[in-house]
Each structure stands twice: as structure tokens, then as C-alpha cells.
Amino acid sequence: MSRPTLWSTADMDDDLADAVDAELSIYAQQGQNPAIYDQLGAQIEQLEPLLAIQQHMAALAAVPDVVKSVSGAEPFDELNSILPQFIVSFHQAILNRDLPSITMFYTTTFPKLTDRFYSRAEWPEPEIIAPLLSSNNATEDQVHIFLVLYRDLYYRHVYSRLQPNIDDRFHSYENSCELFNYLLNSPSSANDESDEPAPVDLVLPEQWLWDIIDEFIYQFQVFCSWRSKVKSKTDDELMMLADGTGVWSSYSVLNVLYSLIQKSKINEYIVALKEEQGKENPRPAEEVAQSISPYTALPLYRTLGYFSVLGLLRVHVLLGDFTLGLKVMDQVGEFLLGGSSFGAKTNKTSFTALPTLPATHISTHYYVGFCYMMLCRYPDAIRTFVTVLNFFQRMQRMRNYSGYERKDQYDQIAKTADRTLALYAMCHSLVLPGSPFTRLDDNITNSAKERYGDQMGRMSRGGSDALVAFEELFLYACPKFINANSPPYDDPEAIALLLNADPADAAEGSSPIPTDPTHRHLRLFLASAGAQSPLPTLRSFLHLYTSLTTEKLSSFLDLVKVNESDKEAVEDAEAEEEAIQEMMVLKQSSKSLSRIVPVQGKVDKGNDASSTGVRAQGSLLAGEMISTSDLNFVIDDNTIHIAESTVGRRYAGWFIKNTERSQRVLDEIRGSPLPRGKIGQKQHVPGAVTSGADAGAPAGSTDISGHKKPPTKTVAWGGAGTRATVDV
Amino acid sequence: MAASWITPPTRTELIENLVSGVDRYNPSNVGILEDYLYHQIRSQEYDCLANLAILKLYQFNPDLYNPDVVINILIKALGASPLPDFNLCISLLDERPPNASLDEPDPLPVLLPVLHGLHHLLYRCRFPAFWRAYRSDQLESLRDNYTVECAGFEDSIREVVIRAVKSTFTRIGTDRLGLYLDLDSPEELKSYIDKLGWTLNSEGTVVNIPANLDNQIEAVVVQESIKLPQLTKVIAQAARS
């Protein structure tokens, strides 16, 4: 890692007086030391923040290509004035708890400055900017927390734009711990004698809070994958890893998330909100929060608590624990996956009390859906993916989504959505062709076919080719799995063994080098997907009959095998037996647990059933067995009987769509000005039936009335209404 | 269906607190959960989430790792097929470097592929092949050291078979069923069938399987059903103007 030292005296700005220069560079080198700070005179104290910045600027200039497309000294002059100003105002905004300004600095100014000046270099170290903060009359504590927050931005920038070295990895961990420790364990106030922790009076935008949790887990995941690559470590790194076994340990990460959840009492809060929903005069969410705990009362803690639940889901998935991932969502999940999606008002009282950011929404559905997929609950997975993909498509249509004008954030979301689409494509095939679940949302299916048409074709055909397609998509779309534990860096012997191990042994499975976790999960997934790979062929034969003998079926299957020519000719009786066993697999693959139980099936719960079915309450793990296939069969000794369900014609969608269209036409007519009666100058109103237009319209047309066909225009809210009627 | 899987009625309050609370991460509780596993083994109970909690502790604390416990958990999970319990357990087994601290050689690396194979046969409903593999000489150590301790192991596999058979068949030949259940003698098979409440035909060659949700088929035409609440949006829109 070759990084320029920020303090190299050679690069110092020569405008400065030599005498001051010498003294100040001492300060700059040890800027974090308050003792030296005190020794400096008042006059210098005024100068030095600026000086440190100038030094930093000079160091930047030494890095080639730091500032692209801007030549000469100008950018530095510009930065010279902007940077201190930015830091001071940013700090002031946080001190004032001025949320709009903080949001602006965080979501707009910081990224802009990054693009302009720091696209290839670090932001100034916190020690450099620290002296600037004294001008805001902040207490030591306030300066401290600002520096912690600043460091959070600083490291996040290093991780996203640059290559973090081992020091960055360790320090970003320490900084995160410091931040969480500050939030969780700050003493109530300076003049209070008791050491009881109390909530911190801090206001941060939701996006930032999400980024804090998200980045914490991301850095954990990156560290784990980096840590597991033993061979590429330098001696120094090996030594530091041997000493720092607690850094980024799974326990510490879980500890942070669980502490935030417990401190904020977010689950209790949600339970209380749900209870309120049932009441006649529900209390406002704010009041509910205050009744739970002083922490819950603050949006900062509620939001962090909620995001920690979602973070926990992600950590569990990364560690391969798909049941626990869904289990932590017990309280939150029902709200999140509550049918009507993001932004829409659910029931009467919506859960507006919980933050909903597009990034949160998409990431969480991705992980929940992935869990369902690994639990072989494909209907639930498909439903989850469809919800979020629809949301994403709507979001794409609203280009200027507030807060997401930034390209990198949008790209991140788009990437997750694309991987979700790949998972959807896989589940679409795994639920077997002809299942009603493949028709849940034609719009999404078409996007998936556009994007992954080749793989979807291969997956739905079955056979060995399907497995290759599954593997491709799985590796592209799966989360970045990690190992829970570090290689034994603290055990010199064991690590030497790993270092000297021959990679060739790995193939034979005798090597001590652990295989990477992604491939372990891939193997498991392919084993279940592989068990289904003969089924599409089998199904296509059954499709042609209402009854046939098992003997006949096995002879058909034999034909297929001859084509593949990799199977030895087996005896007839054996082939028949094989076919029957495969039929049992088909049967068991056409059933699945599902959170929503359709009413039309034989399982009818009666009472509170909507046309979409009975939704299981509570845990995301809950559900009942349902049939996922439209093709049903049964074996009567040696005869197979087949029955197929067909879907009757659907009218509701058509009617709703046209009701909405007529409504729109009517609105347009009402909204247009009345014709002024200027003869010869007719006002053109599209689709309108006014007296003026009537005169001009071809006479004798029978459909001049409310039924006149409006111009074909897709109505945004028409699409959503139509989809709601698809009942599975 | 899933409810008894999430919380089996046999689970005690102590275990429930461990499984659902933060205490599941406390390594000192592993003993309680392991005892519970052995209780499941003796009394033919099954609690997947509690067993996953053990594996979770092993995942985070490699020094707690006990191969016998892992193997027993996997054996229990076999009986849950075709639910994905077995794979869920395997997902939590991080690959570990050979553990030198154990007194005896670790039996898991040898048995893991074997168990994988058995699971694969079960999952693909290759029941006769499963029994052949299970009874084979290679698997003697698995039988003698593990499954023999697990009360009702073979019956739990038979239940997997029964689940598959009763949803697929209305009638099945006794020979075939005997092969699936690994019950060779007609007397054994007869008593097993009686226990299930299934009946034989007069010649005693075909078993009638009582009707259940899965083995009754009918061609249905699915009609959409729209309820008023679904149309509120549309109606409200119209009412506003």
C-alpha cells in the first residue's frame, strides 16, 4: 500500500513563515496530542487549522491525477476555502440538530466534494480537521462524536473508492465500536452523578443511519473474506491478525446489533403499534414510543434498532443461517412483507412510524427471499421477489427519486435489484413449469426473460444443462457468504501448515485449506436443484394424458435417456420402478410451505379469507403446505391418473383497467376549459365529448357516449390495481 | 404444519428461551442443548431449531465442537425429509481445519459424505436404494455407533416413505411397499399397514391407501373471486369526482 505521507515537509506550502513552519509541523505530526496543542501560542492557534489543511493540500498535489480535468493550483485554492468551511458548517449543523442541513451536507455536499477532490485519495485525516472544530464552541464530547462520525465517512470513502489496508480495516472497526459505544453507553449527562447510560441527543438522517449499519456489516463481510485468504498476507499482516483476533469477530458484530435492538426496544414498539392498530382510537406512534422507553422515544434509536433487525437478517444469511435470519424478522417481517408494498398505505393506520428507504426495502426483500429459496419455499420466495421488483420498476420510472439523485447509490440499488431478478428467475424454474406461481406477475417474468432468457430456458428444460445455468445464476446472485471464524492466525504451527499447503491437494479434498463458503452453499443448493432436474421432462409427458400406465411412462423416459446416451440400458422393471420413484419426487416438489394459503384449494380457512388467501400471521417461518402445481396426478397401483387445473377467464383486471381509463377521461374532460365559442377555432380536447367536439365528430357513430374508447394510455395506478386481482 | 416445526409441542420452556432469546449465543448453554438432543434421540422427539442452535454455537466456538453431536443431529434431520432440515444443518457446518486437540480421530469427515449420500437418496425418493446403502457393510460403523442409539431411527425413515407414498398413490402393490419400507416378511408389513389404518385387498397383493388431500385429484377450473375491499381504491377514486 503506497500512500504519500501527508506531512512530508518537502511539500509544505512556502507562503508560510519559516519559523511558524517548523513549530507547526511538530504540531501537525502530533496533532492529536493535546499537550503539545496547549503549548502553542494563541496566535498560532488561529492559524494552524488552516496550515494543516494547506499541508494536506500540498500532499494531495504530490499525488498524480488526484484532481482530474482541473489544472493548475486553482482547485487547491478552491478546496482551501471550501473544506474548512464545509467541516465547520457540517459540525454546526450537527450541533444545532438541524436535520435538513445535515441531510444536505451528507447526501449532497460530501459526495460532491468527494467527486471533485477525493476521487482517488483519502479525505483529510480526522486529526487534521479536529482543530477546525474548536471555533464552534462545542464541548469536548461534541467534538469527539463529530470526529467519530467524520471517521465513519472517512473510512467508508476508503472502502468504496480506494483499497483499504490492514490499518484501515482495524481502525474502521475500532471507530464503529466507538460510535456504537457512544450511542449505547453514554452517561446521562455531565452533571449527573449516576453512571446510568442515557440516550444521546443526536439527530442524523435516516439514510445516514442505514448507511452506518449497512457499512458496518459490509466492512465485516469484506474483512472476513480478506481474512480467509491466508496466502496473500504479508508478515506484518500475519502478526497483526495473530494479535487482533477479536477484531471484526462474529460475536462482536452480533453483539452490536442485538444491543441496538434491545436498547431501542424496537420489537416491543412494533408489537405495541400493532395492538394500537386494532383499537378504535389508536394513539399516535410518537406517544406509543414514549411509553416504552426513553430510547424508543428518540427517532435515532428507533431507526437504528429497526435497521439492526434488518442487519441481523443479513448477517445470519452471510453466515448460512437461513432459519435464524427469518426468525429475527418475526415482528418486523409482517409489516415489511404485508402485501401492499412500499409507499402504499396499508390498512387504516400505516406503519409510517418506521423508516422506509428504497435501499432498505430492496436489500431486505432480497435477503428474505433468498432465505425462502434456501428453505425450498419457492412460492414465498417468488412473492417476496415480485413485491420488491415491482417496487424497483416503479422507482425506475420516477427518475428523480428524492435522495437518490446520486448515481453510485442508485447503481447499488440497481445491482441488488438485478441480482434479485436472477434469484426470481431461478425460483421461477424451481417451482416447476406450469405452476400458478410462474404466472404471479407476467410483467416481472418478462423482465426476467429479457435479462436471463438464456439461463431460464436451460433451467426449465431440466437435465444437466440446467445445473450449469443454476450455478451461473447462483454465483452471480447469492450473498457474499463468509466463514464465522478466522483461520488460526494465533496458532503459528497451524498457520504455517496452511501457508505451505499445496493448492493441488485442495482438489482431492485432503488439503487443510477450507473451501470458500460460497461453494459450500452452492453445492447444497445444486443438490436440491439437481434432484428436480428430471422433472420438467416427466411433467411434459404427463401433460399429454389423462391416464397412462407406469410401464408406458418408463418407456418414454427411456427414449429420452437414449438421447442423452450417458445411461446404461437398464432392465424394464427397474426403469419402471425408477419412473415411479421419480413420480414421488414430482409429487413432493409440487408441494411447498407457503405463508399464504389459497382459498380455492382444498385448504379453506373460511372466515378472514380474502381472495388472495389466508395469510399466516407472525413469524416469517410460519406457513402451511399448499400445492404449487396445476398438474395433479395419482398412481393407482400401476396406472397414473392425471388431472389438470385450468384458470378460468379473468374479467376483473379488464374491468378495473377500463374503469380507471374512463375515470381518467372524465377527469380530463372536467379539467379542460369550456370551448370559448370562437367559430372556426375549435379547441382540441383528446377523447373529450363536448358539444363542440360532438359537432365535429363523425355523425352516426354509435359509441359516442361514456363508452367511447379513450386514447390508449397506460395509467400508472391501473397496473397496480390489476395485479392485486391475481389470486394464487 | 410449520407451527410444530417452529415450536414442537415437546419443547420445554427452558429450551424455548434458549432458542428464541439472545442466550442462544452463550457457549455455557451448549450442555443444556446437547442434553436436549440426547433426550430427543431417546424419546423419538425432534426439534430442528434447537439442534440448529447447537450447530450455531459450534460455528462460533470451534473449541466446543463435538463430532458425535453433529452426526446425531444430522441423523435426526434425515427423518425430516423432504423438508430441507438436513441441508440447513449442513449450511452451518463451516469447514474446519483438522482438529488436533481431539483424542480420537474426528469421525465426521468420513461420515459426512455418507450421510450426504443417504440424504440424497431419501430426498429423491430412492427408498430401496436407501435401504441397500444403509444396510451395506460400509455403513456398519454408522449403524453400530450412531443409528442404533437413535430410538426409532428406521421408523422415522419409514415415515418419510409413508409421507411420499400416501400423497402419490391410491393403491400400491405390497411388494413395492415392502421394498420401500424395508419390511420383507408379509407379517411385518401387514402389522405396519394395520397400524396406519390402511387395508389390503382380498388377495393381499395390493394396499388401499385412504383418501387424503394429496391423493385425490380433480380437474378444477380456477375462477377469480374479487371481493369488495379489493375494489375500494377504484370506487374511492370514482366517488371523489
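Residue numbers start from 1 in every chain, and the chains themselves are labelled A, B, ... in the order their sequence lines are given, proteins ahead of strands.
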Please check if any side-chain donor atom of [X] sits under 3.5 Å from a side-chain acceptor atom of [Y], or the reverse.
{"X": "B:Asn87", "Y": "B:Tyr123", "answer": "no"}
{"X": "B:Tyr25", "Y": "A:Asn255", "answer": "no"}
{"X": "B:Asn51", "Y": "B:Gln40", "answer": "yes"}
{"X": "B:Asp106", "Y": "B:Tyr65", "answer": "yes"}

Can you find a pair of side-chain heavy atoms, one from A:Asp516 and one from A:Ser228, that are under 4.5 Å apart? no
At a 4.5 Å cut-off on heavy atoms, which part of [X] comes close to chain A: side chain, backbone, both, or neither?
{"X": "B:Ile90", "answer": "both"}
{"X": "B:His116", "answer": "side chain"}
{"X": "B:Val165", "answer": "both"}
{"X": "B:Asn208", "answer": "neither"}
{"X": "B:Leu49", "answer": "side chain"}
{"X": "B:Phe86", "answer": "neither"}

Has A:Asn632 got a side-chain atom pairing as donor or acceptor with B:Ile217's backbone, closer than 3.5 angstrom? no
Which bit of [X] is near chain B, if near means a heavy-atom gap under 4.5 Å: side chain, backbone, both or neither?
{"X": "A:Glu582", "answer": "both"}
{"X": "A:Asp630", "answer": "neither"}
{"X": "A:Ser528", "answer": "both"}
{"X": "A:Phe633", "answer": "both"}
{"X": "A:Tyr651", "answer": "both"}
{"X": "A:Glu644", "answer": "backbone"}
{"X": "A:His521", "answer": "side chain"}
{"X": "A:Leu586", "answer": "neither"}
{"X": "A:Leu319", "answer": "both"}

Identify which of [options] forms the greatest number of heavy-atom pairs closer than 4.5 Å to chain A.
{"options": "B:Ile172, B:Val206, B:Leu88", "value": "B:Leu88"}
{"options": "B:His120, B:Arg124, B:Arg176", "value": "B:Arg176"}
{"options": "B:Pro109, B:Pro84, B:Cys48, B:Ala53", "value": "B:Pro84"}
{"options": "B:Gly173, B:Ser167, B:Ala164", "value": "B:Ser167"}

Can you list the steps and then say if B:Leu179 with B:Phe127 is a side-chain contact (heavy atoms from CB on, under 4.5 Å)? CA-CA 8 Å; B:Leu179 213 55; B:Phe127 303 122; over 6 Å; no
Verify side-chain contact (heavy atoms from CB on, under 4.5 Å) between A:Ile669 and A:Val665, making sure each step is shown before the conclusion. CA-CA 6 Å; A:Ile669 297 169; A:Val665 172; 3.9 Å; yes
Between A:Leu254, A:Ile580, A:Asn638, the one whose heavy-atom pairs under 4.5 Å with chain B are most numerous: A:Ile580
Looking at A:Lys587 and B:Asp214, is any side-chain nitrogen of the basic one under 4.0 Å from a carboxylate oxygen of the acidic one? no
Relative to the ring of B:Tyr134, is the ring of B:Phe130 parallel (under 30°), tilted (30 to 60°) or perpendicular (over 60°)? parallel
